[in-house]
Trainee: 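This is the structure I have questions about; it appears just below.
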Amino acid sequence: MVSKNHKKIGKLTVIAGPMFSGKTGKLVALVEVFTRMGHKVLTVKPAIDSRYSKNEIYSHDHRKTPALVVDGLSPDHIIDAITQQGVDKVIFDEVQFFDKEKVLEIIRKLKKLGIHVIASGLMYDYMRKPFGATPELMGLADERLELMAVCQKCGNLARHSERVRGGKFQVDVGAADKYIAVCERCHKIYK
Ligand code: ADP
Ligand code: MG
């Protein structure tokens, strides 16, 4: 169990990788282990990600945990909602979908409050361009973990998400219906 005298030191851990690289599964496992150790954990996700479940983070292989759903609120509002729960760890999934400046501010402030923030997201969009706050958070992170998927074209390790169906906007939420994981050599920009 976590000792009562345990000194709260804020830090930022970033978990990045393409779609299907196991980010959400890893977060669910972390929630389970941290909770068992006596930590108070809150998971946050953007409202736009309603692919499998509205109020949970839910992995492609059906691992899940409840989440606070955040939609366009001010940073102070979100920080209040988080701190009211008396948590010492906050997990953000799909961090690339949050407003970049707002989520950077929220994470900076949470860290100052002594909270361990774990942020997970896509580094690149379907055009291999930086996606939202993830690359900047990678730079700011105290700990970073880059996950890989398997390239669905050649079987090598995959760092990219290829859109195979859908529109041309940067954000077009989907799963295996719209995306495959691919390596840089196999990646094609959807047209
Ligand atoms: P992410 O949050 O990074 O999209 P998830 O944790 O939701 O990833 O899902 C990871 C799971 O996706 C894997 O455990 C595996 O069952 C499945 N999967 C489907 N396609 C692939 C792929 N191309 N490479 C690796 N895992 C894949
Ligand atoms: Mg995910």
Side-chain angles (χ1 to χ4, degrees), residues 12-35 41-71 89-100 103 106-107 117-138 141 143-167 169-190:
L12 171 63
T13 305
V14 176
I15 301 174
M19 291 181 66
F20 310 108
S21 61
K23 300 182 299 297
T24 301
K26 182 79 185 165
L27 297 180
V28 172
L30 287 175
V31 171
E32 287 169 6
V33 175
F34 286 144
T35 305
V41 188
L42 177 69
T43 306
V44 181
K45 76 167 196 176
I48 190 173
D49 176 25
S50 56
R51 290 172 298 179
Y52 296 115
S53 168
K54 279 200 162 42
N55 54 358
E56 295 162 316
I57 61 166
Y58 198 109
S59 74
H60 298 295
D61 49 1
H62 316 295
R63 286 180 279 173
K64 58 185 178 179
T65 191
L68 173 74
V69 180
V70 169
D71 189 9
K89 298 201 186 266
V90 176
I91 291 179
F92 289 86
D93 199 7
E94 302 286 0
V95 75
Q96 77 282 348
F97 288 150
F98 290 91
D99 177 272
K100 183 176 168 182
V103 81
I106 292 166
I107 289 174
V117 179
I118 298 151
S120 174
L122 300 170
M123 286 285 278
Y124 308 107
D125 65 12
Y126 80 100
M127 293 171 287
R128 298 201 303 275
K129 297 261 165 49
F131 209 160
T134 319
E136 197 154 330
L137 287 169
M138 239 349 196
E143 299 167 344
R144 38 187 86 72
L145 177 62
E146 186 181 359
L147 298 178
M148 301 280 188
V150 175
C151 175
Q152 288 169 243
K153 295 184 184 175
C154 75
N156 283 324
L157 290 179
R159 296 183 80 196
H160 291 283
S161 312
E162 180 170 312
R163 187 174 290 170
V164 290
R165 242 163 261 118
F169 295 113
Q170 184 185 44
V171 175
D172 190 346
V173 177
D177 55 332
K178 289 188 187 155
Y179 295 94
I180 56 173
V182 288
C183 69
E184 189 159 344
R185 279 219 303 206
C186 291
H187 186 270
K188 292 221 163 31
I189 297 177
Y190 176 71

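Below, each value reflects all heavy atoms present in this structure, side chains not excepted, and no hydrogens, waters or symmetry copies. Whatever order the structure lists ligands and atoms in, that order sets their numbers, starting from 1.
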Trainee: With heavy-atom distances below 4.0 Å as the criterion, list the atoms of ligand 1 near Ser21.
Mentor: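 What qualifies from ligand 1 is 1 (P), 3 (O), 8 (O).
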
Trainee: Taking both backbone and side chain into account, is any N, O or S atom of Ser120 nearer than 2.8 Å to the Mg ion (ligand 2)?
Mentor: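 It does not; every qualifying atom lies at 2.8 Å or beyond.
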
Trainee: Can you find a pair of side-chain heavy atoms, one from Phe92 and one from Leu137, that are under 4.5 Å apart?
Mentor: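 No; the side chains remain at least 4.5 Å from each other.
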
Trainee: Of all the heavy atoms in Gly17, does at least one lie under 4.0 Å from an atom in ligand 1?
Mentor: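 Flag not set, Gly17 not near ligand 1.
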
Trainee: Considering only heavy atoms, does Ala176 approach ligand 1 within less than 4.0 Å through its side chain, its backbone, both, or neither?
Mentor: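 For Ala176, no heavy atom sits under 4.0 Å from ligand 1.
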
Trainee: Please list, in number order, the atoms of ligand 1 under 4.0 Å from a heavy atom of Pro18.
Mentor: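 That gives atoms 3 (O) of ligand 1.
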
Trainee: May I ask you to test the Val69-Lys54 pair for a side-chain heavy-atom distance under 4.5 Å?
Mentor: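 Of all side-chain heavy-atom pairs linking Lys54 with Val69, none is under 4.5 Å.
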
Trainee: I'd like to know if the side chain of Thr43 reaches the main chain of Ile91, judged simply by a donor and an acceptor atom lying under 3.5 Å from each other, with no hydrogens or angles considered.
Mentor: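 Pair absent, no side-chain N/O of Thr43 close to backbone of Ile91.
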
Trainee: Among all protein non-hydrogen atoms, which one is nearest to atom 8 (O) of ligand 1, and what is the separation to 0.1 Å?
Mentor: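 Looking at atom 8 (O) of ligand 1, the protein heavy atom closest to it is Gly22 N, 3.0 Å.
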
Trainee: Nearest heavy atom to atom 27 (C) of ligand 1: which of Phe20, Tyr58, Tyr179, Tyr52 does it belong to?
Mentor: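 Going through Phe20, Tyr58, Tyr179, Tyr52 one by one, Phe20 has the nearest heavy atom to atom 27 (C) of ligand 1.
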
Trainee: Near Gln152, which atoms of ligand 1 are under 4.0 Å from a heavy atom of that residue?
Mentor: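 Those qualifying, in numeric order: 23 (N).
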
Trainee: Assign the ring pair Phe131 / Phe97 to parallel, tilted or perpendicular, where the plane angle (0 to 90°) is split at 30° and 60°.
Mentor: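 The arrangement is perpendicular - the two ring planes meet at more than 60°.
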
Trainee: For atom 6 (O) of ligand 1, what's the nearest protein heavy-atom neighbour? Residue, atom name and distance, please.
Mentor: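 I find the closest protein heavy atom is Gly25 N, 2.8 Å.
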
Trainee: List ligand 1 atoms under 4.0 Å from Ser59, heavy atoms only on the residue side.
Mentor: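 Every atom of ligand 1 under 4.0 Å from some heavy atom of Ser59: 5 (P), 6 (O), 7 (O).
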
Trainee: Could you establish whether Ala175 and ligand 1 come within less than 4.0 Å of each other, counting only heavy atoms on the residue side?
Mentor: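 Not so, Ala175 does not reach ligand 1.
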
Trainee: Looking only at N/O atoms, are Asp61 and ligand 1 under 3.5 Å apart anywhere?
Mentor: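 Asp61 vs ligand 1: N/O contact under 3.5 Å present.
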
Trainee: According to the interplanar angle, ranging from 0 to 90°, do the rings of Tyr190 and Tyr126 count as parallel (below 30°), tilted (30 to 60°) or perpendicular (above 60°)?
Mentor: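 Plane angle over 60°, so perpendicular.
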
Trainee: Among all protein heavy atoms in this structure, tell me which lies nearest to atom 17 (C) of ligand 1, with the distance rounded to 0.1 Å.
Mentor: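 Protein heavy atom at minimum distance: His60 CB, 4.5 Å.
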
Trainee: Can you name the one residue among His187, Lys153, Lys188 that meets side-chain hydrogen bond (donor to acceptor under 3.5 Å, both in side chains) with Glu162?
Mentor: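 Of His187, Lys153, Lys188, side-chain hydrogen bond (donor to acceptor under 3.5 Å, both in side chains) with Glu162 is met by Lys153 alone.
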
Trainee: Look at Glu32 together with Arg63 and state whether they make a salt bridge at an N to O cut-off of under 4.0 Å.
Mentor: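 Answer for the salt bridge query: no.
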
Trainee: List ligand 1 atoms under 4.0 Å from Met19, heavy atoms only on the residue side.
Mentor: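 Counting atoms of ligand 1 from 1, those under 4.0 Å from Met19 are 4 (O).
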
Trainee: When you measure from atom 23 (N) of ligand 1 to every protein heavy atom, which one gives the shortest distance, and what is it?
Mentor: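 The answer is Val150 O, 2.9 Å.
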
Trainee: Could you tell me if the side chain of Val28 sits less than 4.5 Å from the side chain of Ile57, heavy atoms only?
Mentor: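 Sidechains of Val28 and Ile57: in contact.
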
Trainee: Taking the side chain as every heavy atom from C-beta outward, state whether Pro46 and Val70 have any atom pair closer than 4.5 Å.
Mentor: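 No, too far: nothing below the 4.5 Å cut-off.
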
Trainee: Could you walk me through whether His62 and Tyr52 pass the side chain to side chain donor-acceptor pair (under 3.5 Å) test, one step at a time?
Mentor: CA-CA 9 Å; His62 316 295; Tyr52 296 115; over 6 Å; no

Trainee: Could you give the distance from OG1 (Thr24) to CG (Asp49), rounded to the nearest 0.5 Å?
Mentor: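 CG of Asp49 is found 7.5 Å from OG1 of Thr24.
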
Trainee: When you look for heavy atoms under 4.0 Å from ligand 1, do you find them on the side chain of Lys23, its backbone, both, or neither?
Mentor: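 Both the backbone and the side chain of Lys23 come within reach of ligand 1.
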
Trainee: Ignoring angles and geometry beyond distance, decide whether Ala181 reaches within less than 3.5 Å of ligand 1 through its nitrogen or oxygen atoms.
Mentor: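 For ligand 1, there is no N or O atom that lies under 3.5 Å from one belonging to Ala181.
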
